[in-house]
Amino acid sequence: MNTLSKISFVATLIIASCLASTVDAQTRRGISLDALTPAGMQRVDVALPFHEDGTTALGFATQGEERPTLFIELLVASSASNATEAMDARITTISGQVAELEGIGERAVGDAQYVLFTRDNLFFVVRGANATEVSRSVDQLAARAPVGRPVVRSISVARPAQLPTGTAIPLEVVGAESARITADGGALCRATRAGYVLQRREGQPEAYSLSIVWVDALGRVGRTTR
Amino acid sequence: MRLLRAQVCSLALLLTVSACGSDPGEPDPVDLSFDAPQAPPTVLRPTLRLGDATVRIADPKLPGFEEWALFFDGENLASADSCVVKIERGGDLIRELEGTLTATSCAATWDGLAEGGDYVDPGMVDARAELLIGTRAVANAATTLAVARVGVRQIQLQALTRRARQPLLYRAMDGVRFGYYEVEANRPPWRIAPDFAERSSASFLDLADGTPRDLPEIWTDVDSPPLDDTSPDGAERDSYNLPTAWAAGSEMSIVATFSTEAANGATFVEDNVELRVVPPEGTNADGSLEVTNAGTVTLVTNGSLVPNVGRYDVALDWRFEARLEGGEWMELPGSVTTTHRFYGTAAAPRFDYSDSLHVPWVDVVDQVAQWVDGETSDPDEVGSMIVEGVYFELGLRYDRERGASFYTSYPGRTWEGANFDLTRFQERVNGDVINCSDAASIVSTYANMVGLDFRYHILQHRTERGFDLNYLRAIGGAEFAFAPFTSGRNAFSYHAVTGPADGDFFDATLALDGDDDPSSAPHELWLVQEIPPMDYLNALSPEGSQIGVRVDEQVRIR
C-alpha cells in the first residue's frame with residue numbers, strides 16, 4: 001500500500017471511529033406515543049412500570065373495539081447500555097428460548113408474535129399477531145426520534161388540604177400523558193370516570209403518602225412521592 | 001156525702017143492669033170472675049266480652065303478618081242479627097269490620113289498614129264489637145289494641161377475636177379499572193335508611209307513603225360496591241347489604257339497631273307496652289333484649305357461622321315479643337328476615353406489604369371460597385384447591401411459544417421484588433396466556449388473600465443456563481408432552497413455583513407425570529399440590545438434583 005493509500009486508510013478509520021462515537025453517544029429524548037399507534041388501531045390502555053427501568057405498555061385495539069390485541073412496551077432509558085441491560089433482564093424472565101432476529105433495531109430477539117429490541121437508549125417489546133412487522137415500523141420511528149437527553153418534566157399533583165372520612169376528594173394530575181397514583185397509609189386512591197379521587201381509609205392512621213408514576217407524551221417515565 | 005151518693009148510684013146501676021139483661025122474671029146472677037192476663041215471656045240479654053284469642057298487639061307491616069284476629073265471646077247471641085267491630089282512635093272511626101257471628105262469638109279480622117287503604121300510624125286504637133238487631137246495637141264490648149311498628153335498621157358484625165373480620169377491596173368501582181374501593185372491617189355491612197332523594201316523611205323502615213321499605217338483598221357484584229351518585233364517596237351508604245370476610249371458625253358479635261318509627265315521623269312509643277326481640281336461631285343474647293327506637297341489642301353467635309373456607313349465605317329471622325301493661329309476653333305476628341353473605345378464609349390475610357392494595361379482594365376471595373366450598377380450612381388443603389382451580393378453571397394457557405411472562409415483572413435480574421399486575425390479570429387485559437412466573441403470582445396472591453403465607457421460589461440449574469424436563473402437562477394443555485414449547489425445546493431456563501417458606505411446593509403451571517417413570521409414557525396426572533421439593537424436582541427434571549431453589553418472597557400486588 002503506498003503512502004497516500006495508508007493515509008486514506010487511516011483517515012477512514014479515524015472518521016469511522018468518530019462516527020461510531022457519535023452513534024454510541026446518541027440518545028433519544030423519547031418517542032411520540034401517539035406516533036406509535038398503528039393505522040386502524042386506537043390506544044386503549046397504558047400500563048405504567050412498577051419498577052425502575054421497567055417498560056410502559058401501550059395496549060392497542062382495533063378501532064371500535066375495547067380489548068387490546070397489540071401491545072407495544074417501551075423504555076426510554078438513560079443510555080443505550082441501560083436499554084440493553086433492560087432487554088437482557090427481560091430475556092432472563094423467558095423460560096423458553098428466543099431467537100435472534102435480523103433487521104430490527106440494533107439487537108432483536110423473538111418470534112412472529114413477540115419481539116424484543118433496542119434502538120439506542122430505547123428498549124421495546126412488541127406483543128401481538130404481527131409483532132415483527134410492527135416492530136420494524138416502530139424501529140423506523142425510533143430511528144427518527146428526537147435526539148437528546150431524555151428528561152422528564154415534573155407534574156403537578158396537589159394533596160387535598162383535608163381528607164374527611166367517607167368522602168372522595170378529587171385529585172388532579174397535570175402534565176402527564178398517563179399516571180398511576182397509589183396511596184399508602186391512611187388513604188386509598190381510586191380512579192373514577194372523572195379522574196382520580198382520594199379517600200381516607202377508616203380505622204387507619206391519618207398519615208398517608210402518594211406514589212405517582214407517570215409517562216409523558218414522549219414515553220418518558222417519572223416518579224415522585226408526595 | 002159524695003161517697004154515699006156513689007154507693008147509691010152503683011146500687012141503682014146494678015139493679016138496672018140486672019133488670020135489662022135477664023128474664024124479667026128471675027134476674028141472672030152476675031158473674032164477677034175474669035181471665036187474668038198472661039205473664040210476658042222471659043228474654044235473656046245478649047252479652048259480649050273480649051275473647052282470649054284476640055291479638056292485642058301487632059305490626060301489620062311485618063312480613064308474615066296476615067291479619068289481626070279479633071275475638072269477642074258472648075252469650076245469648078242468637079237474638080242478634082249481626083255484629084261489627086269498629087276500629088277507632090280518639091273517637092274517630094278508622095275502619096268498620098264485618099264480624100262473623102256465631103252463637104257464642106263475634107269475630108273479625110283486620111289487615112291493619114284504614115278505610116281508605118292507608119296504613120294506620122303506630123299507637124293505641126280502640127276495637128269495639130257491637131251486636132246488632134237490625135241496625136240497633138244491643139250489646140258491645142271494647143278493648144285497646146297496640147298498632148306497633150318495629151324493625152331492624154342496621155346490623156353490625158364484630159369479631160370476637162382480633163383480626164377475625166377482614167376488610168374487603170372492590171377493584172373496579174363503577175366498572176373503572178383501578179377503581180379501588182375498600183369496605184373497612186368495622187363498617188356495618190347491613191343497613192336500611194331513606195335514600196338522599198326521598199322526602200323527609202320517609203323513615204328507616206318505611207317509604208314516604210308508608211309502604212314498608214324493601215330489605216336489601218345480598219350484594220353479589222364482586223367487582224364494584226353498590227353505587228349512589230348522591231353519596232360523598234359514590235358508594236351506596238343508605239340501604240345496602242355487603243358481604244364480609246372472616247377467619248374460618250370465627251364467632252361474631254351481632255349488634256342490631258332497631259327502629260320503631262313509621263313514615264311521617266310516627267313512632268311507636270307507649271308507656272304501657274314493652275318490646276323485645278327474640279334472638280335469631282343460632283344466636284344468644286349478650287345483654288338486654290329490649291327493643292327501643294334507635295336502641296341496640298347485642299347477640300353472639302352460638303358457634304361459628306363461617307366454619308370453613310367458603311361462601312355462606314345466612315338468614316337471620318328476627319321475631320319480636322310484646323307485653324301490655326305488665327302482662328304476659330306475646331309474640332308479634334310476622335318477622336323480619338335479614339340475609340348475609342360471609343366469606344370464610346383460612347386465616348387473616350398474610351401480606352408482607354402494607355399498602356392499600358394488600359387487603360383481600362372481593363373477586364379473589366369469592367373465587368377461592370367457591371373452589372373450597374366449605375370443605376376445609378386447612379391451609380395446605382386450601383392451597384391445593386387453589387392450584388386445582390387455577391390449573392383447571394380459569395381458562396389459562398401456558399405460553400408454549402416462548403414461556404414469557406405477561407403479568408409478572410422483576411426489577412433487574414435478581415428475581416427479587418416481583419410485581420404482579422393483579423388488576424390487569426383479573427380482567428385478562430393481556431390475555432389468558434401465562435408463564436410460570438404468572439402462575440406462581442396467581443396462586444400465591446390468591447393464597448395470601450385467604451390467609452396462606454405462600455411465597456414464590458425460583459428454580460434454576462446450579463451451573464447451566466437451563467435444565468431439561470421430563471414429561472409434563474402444561475396448564476391449558478390436553479396432553480402430556482416431552483417438550484412444552486412448540487419449538488420442541490425440552491428445557492426451562494428457569495421455573496417459578498410457590499408455597500410456604502421452606503415448605504412443600506404448589507405449582508399451577510404444569511402437572512407432573514406421577515408414575516414411577518416421568519421420563520416416558522404412560523403418564524399419570526399429578527397436580528403439584530403440597531409436594532416435597534425434591535420429589536417435585538425429580539419429577540420435573542432428570543436433573544432434579546442439580547436444580548437450586550432461590551428466593552423466598554411474596555409477590556407485590558399491583
Side-chain angles (χ1 to χ4, degrees), chain A residues 44-45 47-55 57 59 67-69 71 85-86 88-99 110-114 116 125 127 164-169 180-193 196-197 199-204 208-209 211, chain B residues 167 169 172-182 184-187 231-235 237 354-357 399-406 408-413 415 417 419-421 424 427-431 435-437 466 484-487 489 491-496 509 556 558:
Chain A
V44 295
D45 186 34
L48 287 153
F50 297 125
H51 48 82
E52 296 283 346
D53 290 343
T55 55
R67 183 157 286 278
T69 55
F71 297 87
E85 176 67 22
D88 289 339
R90 185 62 172 265
I91 292 172
T92 63
T93 69
I94 297 172
S95 55
Q97 266 187 333
V98 284
D111 53 59
Q113 297 170 342
Y114 194 98
L116 297 82
V125 180
R127 302 183 268 124
T165 304
T167 304
I169 304 296
R180 183 183 70 232
I181 306 175
T182 307
D184 288 334
L188 179 69
C189 191
R190 167 168 71 251
T192 71
R193 296 181 189 278
Y196 277 103
V197 297
Q199 182 162 354
R200 179 165 299 289
R201 300 175 68 197
E202 296 181 32
Q204 297 289 331
Y208 69 92
S209 62
S211 299
Chain B
L169 187 77
M173 184 173 180
D174 195 19
V176 176
R177 189 178 300 155
F178 310 125
Y180 305 115
Y181 187 87
E182 182 178 7
E184 309 83 11
N186 62 356
R187 183 186 302 197
S231 164
D233 67 358
R237 292 273 196 166
S354 59
D355 61 59
S356 53
L357 297 186
D399 179 15
R400 298 188 61 225
E401 298 301 322
R402 64 202 75 78
S405 173
F406 289 85
T408 304
S409 60
Y410 303 90
R413 295 208 217 188
W415 300 107
N419 292 283
F420 174 43
D421 196 344
R424 285 189 169 80
E427 291 184 49
R428 309 293 191 273
V429 174
N430 297 337
N435 79 340
C436 55
S437 290
F485 299 107
T486 55
S487 64
R489 174 179 161 86
F492 282 153
S493 61
Y494 83 98
H495 188 53
T509 312
R556 182 164 190 161
R558 300 292 196 165

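Atom set for the values below is all heavy atoms of this structure, side chains included, hydrogens, waters and symmetry mates excluded. All chains are named by letter (A, B, ...) in the order of the sequence lines, taking the proteins before the strands, and each is independently numbered beginning at 1.
A distance of 8.5 Å separates CZ of B/Arg413 from CD1 of A/Ile91, quoted to the nearest 0.5 Å. B/Leu169 CG to A/Arg201 CZ: the interatomic distance, rounded to the nearest 0.5 Å, is 8.5 Å. Distance check: A/Ile169 CD1 to B/Asp233 CG gives 10.5 Å after rounding to the nearest 0.5 Å. Distance check: A/Gln199 CD to B/Tyr181 OH gives 5.0 Å after rounding to the nearest 0.5 Å. Distance CD1/A/Ile94 to OG/B/Ser405: 9.5 Å, rounded to 0.5 Å.
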| Can you list the steps and then say if A/Gln113 with B/Arg402 is a side-chain contact (heavy atoms from CB on, under 4.5 Å)? | CA-CA 10 Å; A/Gln113 297 170 342; B/Arg402 64 202 75 78; 3.8 Å; yes
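For chain A, no part of B/Asp399 is nearby; none of its heavy atoms comes within less than 4.5 Å. Heavy atoms of B/Arg400 lying under 4.5 Å from chain A are absent altogether. Of the atoms belonging to B/Ala491, it is backbone heavy atoms, and not side-chain ones, that fall under 4.5 Å from chain A. Heavy atoms of B/Asp174 lying under 4.5 Å from chain A belong to its backbone as well as its side chain.
Listed here is the closest heavy atom pair of B/Pro232 and A/Gly166: CB-O, 3.4 Å. The two atoms that bring B/Val429 and A/Phe71 nearest to each other are O-CZ, 3.3 Å, heavy atoms only. Listed here is the closest heavy atom pair of B/Tyr494 and A/Thr93: OH-O, 3.0 Å. What you find for A/Ala89 and B/Gly412 is that their closest heavy atoms are CB-O, 3.8 Å. Nearest heavy atoms, B/Glu182 versus A/Leu188: N-CD2, 3.7 Å. Annotation for A/Ala183 and B/Ser356: closest pair O-OG, 2.9 Å, computed over non-hydrogen atoms.
For A/Asp53, there are no side-chain hydrogen bond (donor to acceptor under 3.5 Å, both in side chains) partners two or more places apart in sequence or in a different chain. Taking the side-chain contact (heavy atoms from CB on, under 4.5 Å) definition, one finds that B/Ser487 meets it with B/Phe485, B/Arg489, sequence neighbours left out.
In this structure the side chain of A/Asp184 reaches within 4.5 angstrom of the side chain of B/Asp355, judged on heavy atoms. In this structure the side chain of B/Val176 never reaches within 4.5 angstrom of the side chain of A/Arg190, judged on heavy atoms. Contact check for B/Pro411 versus A/Glu52: no side-chain heavy atoms found under the 4.5 Å cut-off. The shortest side-chain heavy-atom distance between A/Phe50 and B/Asp421 falls under the 4.5 Å cut-off.
Looking only at distances, no side-chain donor or acceptor of A/Ser95 sits under 3.5 Å from a matching main-chain atom of B/Cys436.
Contact count against chain B (heavy-atom pairs under 4.5 Å) is highest for A/Asp88 among A/Val44, A/Thr69, A/Asp88.
Residues A/Asp45 and B/Arg177 are paired through a salt bridge, judged by an N-O separation under 4.0 Å between the basic side chain and the carboxylate.
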